[in-house]
Amino acid sequence: MNRRNLLIGAGLAALVASGGAALAQQPVVKIGYQLPLTGNTAQYGQDFKNAAEIALAKFNASGKPFKVEIVFEDSRSDAKEGIAIARKFVDDKQIVGVLGDFTSGVSMASAQVYKSAGMPQLSQTASHPDYAKISEWQFRNITTQAQEGPYNADWMVDQGFKKIAVIAEQTDWGQTVVSNFADEVKKKGGEVVFSEFFNRGLADFRPIITKIAREKPDAIYTGFFYEDGAQFLKQMKQLGLTIPVYSTSAAYNQKLIELAGADAEGMHLTATFLPSNPAPQVQEFVAAWKEKTGQAEPGQFPAQAYDAVNIMLAALEKAWPEPTREKVRDALAATKDFPGVTGDTTFDAHREPAKKLTKAVVKGGQFVAVAD
């Protein structure tokens, strides 16, 4: 190689090196995400993580003046672990906002730490009515049972179901499923003729189903997630019960249909996300989800996580160039008509989202929207 080529090569190397240094010097903002990655709810946490990584990759590739890093920590859906993670996030001065947790119980336990430290917390799934009341630092982008319960009660009573049996998992969330629904049924002139709670992961629902059959209800309202939902629906059919079943948005997941098969046909529920929605942002997310995970389509919970991460990222951008925890909180509070895959999100004065619910039914192995 002659001297001229050596000089050109050296110049190019210097240019590449300087470009790499500039890239390396680009500011990085950190947010934390506490979620269950092991334990009996790990499948939900992994879905949240996949959705978060899709949102993060898109944001970081969009030419913003800063990059964002998400620090993921495994809470195992355990309140003590959630509190320990919250303390870790609070002590990390680079972290200016956090997402999670999955369950209301862990989210609320962690919230006490974030409240004291002044850290904005946005949960994609904490639906207990008291979660957002903890302090000005708590936000959520999911509907609560205070909204879903009355909505579903009105739907069912308007369909002519006057005598309704109710079952729900034995958790704080399950308690709110029953209370909010039952109160509205009574107001509408209906009657809850049976009510019982069960432990998550129950293998045999047949004793409960037998009790329900004795009461001869017009319909059954349920508060369960897809694993328990599939088991319940299969065992209902095994016992020959054909009573209509309705549920909350927590049951919405294509895996429920995969597990229950034909026994899921006819089940009704509410949702804020349907992958068949032709909206561009929905179809973009569905395509990215399929590419990343190899799964047929995302359920409502990963869609909630995807929106939560994007809402947090938008708040970081609003708070730039000095995204302090307080500025990020204020930017979250100012969120209005955010165009997510679960619908537009606006936080009210109590940091609650105003969401539109969609009625759906399992038909032909798919969740299909029901016209009002």
Side-chain angles (χ1 to χ4, degrees), residues 40-41 43-44 47-48 102-104 124-128 142-145 147-153 155-156 159 161 164-178 180-181 195-203 205 208-209 212 219-237 241 243-276 295-305 342 355 357-370:
N40 62 5
T41 58
Q43 65 273 31
Y44 294 98
D47 281 352
F48 296 156
F102 169 42
T103 67
S104 293
Q124 71 293 307
T125 46
S127 61
H128 192 287
I142 192 171
T143 56
T144 72
Q145 292 310 306
Q147 179 181 356
E148 279 198 52
Y151 185 90
N152 285 327
W155 182 17
M156 292 179 71
Q159 291 291 308
F161 302 130
I164 303 172
V166 185
I167 66 166
E169 64 172 44
Q170 183 66 273
T171 60
D172 288 343
W173 173 79
Q175 297 280 348
T176 66
V177 168
V178 174
N180 284 284
F181 177 81
S195 179
E196 187 162 325
F197 295 95
F198 61 87
N199 292 322
R200 182 180 293 175
L202 181 65
F205 281 93
I208 295 177
I209 295 169
I212 291 173
I220 304 170
Y221 185 62
T222 58
F224 48 40
F225 292 81
Y226 74 83
E227 307 96 326
D228 290 325
Q231 191 79 337
F232 178 80
L233 293 170
K234 287 165 64 177
Q235 292 176 359
M236 262 193 67
K237 295 300 168 67
L241 253 65
I243 303 170
V245 177
Y246 285 66
S247 197
T248 73
S249 61
Y252 172 71
N253 194 306
Q254 190 65 28
K255 292 177 183 177
L256 180 145
I257 298 174
E258 292 174 9
L259 293 172
D263 294 337
E265 287 290 306
M267 189 187 84
H268 290 71
L269 48 69
T270 43
T272 56
F273 170 80
L274 287 177
S276 58
Q295 298 175 17
E297 59 186 26
Q300 176 163 301
F301 282 177
Q304 287 289 152
T342 63
K355 293 277 199 177
L357 291 166
T358 297
K359 298 172 183 175
V361 62
V362 178
K363 186 176 181 180
Q366 298 291 327
F367 290 101
V368 180
V370 175

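On a predicted model such as this, the values are computed, not experimentally measured, just so you know.
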Could you tell me whether the side chain of [Y] reaches within less than 4.5 Å of the side chain of [X], counting heavy atoms only?
| X | Y | answer |
| --- | --- | --- |
| Ile220 | Ile212 | yes |
| Thr176 | His128 | yes |
| Leu202 | Gln231 | no |
| Phe225 | Leu256 | no |
| Asn253 | Phe301 | no |

List the residues meeting side chain to side chain contact (heavy atoms under 4.5 Å, CB included) with [X], not counting sequence neighbours, and say none if there are none.
| X | answer |
| --- | --- |
| Ser127 | Ser104, Ile142, Trp173 |
| Ala369 | Leu274, Thr358 |
| Pro150 | Asn180, Glu184 |
| Ile209 | Phe205, Phe232, Gln235, Met236, Leu239, Leu241 |

Taking all atoms of both residues into account, what is the closest heavy-atom pair of [X] and [Y], and its distance?
| X | Y | result |
| --- | --- | --- |
| Pro298 | Pro275 | O-CG, 4.3 Å |
| Asn152 | Thr248 | ND2-CA, 4.3 Å |
| Gly174 | Ala168 | O-CB, 3.6 Å |
| Met156 | Ala219 | CE-CB, 3.6 Å |
| Ala251 | Met267 | CB-CE, 4.3 Å |
| Ala230 | Leu259 | CB-CB, 3.5 Å |

Open item on the list: For residues 249-260, which residue pairs pass the salt bridge (charged side-chain N to carboxylate O under 4.0 Å, His left out) check, not counting sequence neighbours?
Closed with: none
Interatomic distance, [X] atom [atom1] to [Y] atom [atom2] [nearest 0.5 angstrom]:
| X | Y | atom1 | atom2 | result |
| --- | --- | --- | --- | --- |
| Asp228 | Phe198 | CG | CZ | 4.5 Å |
| Tyr252 | Ile257 | OH | CD1 | 8.0 Å |
| Asp47 | Thr41 | CG | OG1 | 11.5 Å |

Open item on the list: Determine whether Thr125 and Phe48 satisfy the following criterion, side chain to side chain contact (heavy atoms under 4.5 Å, CB included), listing intermediate values before the conclusion.
Closed with: CA-CA 10 Å; Thr125 46; Phe48 296 156; 3.9 Å; yes
Task: Modelled atom types, side-chain donor and acceptor of Gln304 and Thr272, under 3.5 Å - done: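 Yes - a donor-acceptor pair under 3.5 Å links their side chains.
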Taking only residues two or more places apart in sequence or in another chain, which ones pass side chain to side chain donor-acceptor pair (under 3.5 Å) with [X]?
| X | value |
| --- | --- |
| Thr143 | Glu148 |
| Tyr226 | none |
| Gln170 | Gln175 |
| Glu265 | none |

Open item on the list: Quick one, Thr171 with Phe197, criterion side chain to side chain contact (heavy atoms under 4.5 Å, CB included). Give me CA distance, side-chain angles, the key distance, then yes/no.
Closed with: CA-CA 9 Å; Thr171 60; Phe197 295 95; over 6 Å; no
TODO: Report the residue from Val166, Ile208, Val178 that forms a side-chain contact (heavy atoms from CB on, under 4.5 Å) with Glu196.
DONE: Ile208
TODO: Would you please test Val361 and Phe367 for side chain to side chain contact (heavy atoms under 4.5 Å, CB included) and show each step?
DONE: CA-CA 5 Å; Val361 62; Phe367 290 101; over 6 Å; no
Treating [X] as the side-chain partner and [Y] as the backbone partner, does any N or O pair qualify as donor plus acceptor under 3.5 Å?
| X | Y | answer |
| --- | --- | --- |
| Ser247 | Thr222 | yes |
| Gln124 | Pro302 | no |
| Gln147 | Lys355 | yes |
| Thr342 | Phe273 | no |

Open item on the list: Under the rule for ring pair (Phe, Tyr, Trp, His ring centres under 6.0 Å), what residues qualify as partners of His268, not counting sequence neighbours?
Closed with: Trp155, Tyr246
Task: Counterpart residues, salt bridge (Lys or Arg N to Asp or Glu O under 4.0 Å), relative to Glu227 (two or more places apart) - done: none
